[in-house]
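To keep things clear, I will list the structure first and then write my remarks on it.
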Amino acid sequence: MIYAVSDLHGCSEKYKRLMEAIRFCDSDTLYILGDVVDRGDGGIGILLDMMARPNVIPIIGNHESLALGVMKKIAAVPAVSKSLENTTSYTLWMLSGGDVTAEAFCALDRKTQKKIIEYIESFMIYDEISVNGRKFHLSHTLPDYDPDKQIHDVSYLEFIYGEPDYAVPYGSDTYFVTGHTMTMLIDREFAGRIYRKNNHIAIDCGTSFGYPLGCICLDTLEEIYVE
Ligand SMILES: [Mn+2]
């Protein structure tokens, strides 16, 4: 089976419970649509687990993008230095809940730090797959709807910071699976649940704010939730 989940935000216990709930095995594939780190303190632990699983396919989110720049600087010096604390990227990361991730990253040995950097650098920006005759586009987020815009015209920043128009179907024969925007902010009726409307499948249920972690099986469109 092929599954998709997003915005784990350091909630490593929910990640573990999800893997148990879906009985994730070697023949399965799990897409993680970004924002693994920050807010909750288990982000680095989740990344280390993901790295050891070739059948987990990571797609980059804005939080990894932000973390990556700072992680590279931290890996070049023994810890967070005073000069680093004064940089815009570090301040932005801290304002985005990166303090717990920075702390866990600094506690790692240099070799593991480098492995994590290389791993994040390998994250895809988006993927397009067919499962059981259904087409899926998977990315952290999408830009505003523009009928003239092809997917290869979408910029990296739009794929990690964009604000999709969930009221508009972006395609007639493709499901657009995204995270980044909590479903309760799309439509309050979907608070804590996966949003499925207009060929959109929005899967960030707001787990880092206490809502369940939502996961969708792309073979069956079954929704799985763990508390
Ligand atoms: Mn995001």
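One-based numbering, in listed order, for ligands and for the atoms of each. Hydrogens, waters and symmetry mates play no part in the numbers below; they use all other heavy atoms, side chains included.
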Query raised in the report: Closest approach of His180 and Ser6, non-hydrogen atoms and distance?
Result: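 Of all heavy-atom pairs spanning His180 and Ser6, the closest is N-OG, 4.3 Å.
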
Query raised in the report: Any ion pair linking Glu118 and Lys115 (charged N to carboxylate O, less than 4.0 Å)?
Result: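 So Lys115 does not pair with Glu118 through a salt bridge.
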
Query raised in the report: Are the charged groups of Glu121 and Lys114 less than 4.0 angstrom apart, N to O?
Result: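 Here Glu121 does not pair with Lys114 in a salt bridge, since their nearest N and O are not under 4.0 Å apart.
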
**Report entry** Residue and atom names of protein N/O/S atoms that fall under 2.8 Å from the Mn ion (ligand 1)
**Finding:**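 Those protein N, O or S atoms (cut-off: under 2.8 Å from the Mn ion (ligand 1)) are Asp35 OD2, Asn62 OD1, His140 NE2, His180 ND1.
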
Query raised in the report: Taking atom CG of Asp26 as the centre, does the number of heavy atoms from other residues, nucleotides or ligands within less than 6.0 Å exceed 12?
Result: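 No - once you tally the heavy atoms of other residues, nucleotides and ligands closer than 6.0 Å, there are 12 at most.
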
Report task. Kindly assign one of parallel, tilted or perpendicular to the pair His63 and His9, based on the angle between their ring planes and the thresholds 30° and 60°. Result ->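 Ring orientation of His63 relative to His9: perpendicular.
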
Query - Check: Val37 and Leu47 side chains under 4.5 Å, non-hydrogen atoms - result: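 Yes; the side chains approach each other to less than 4.5 Å.
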
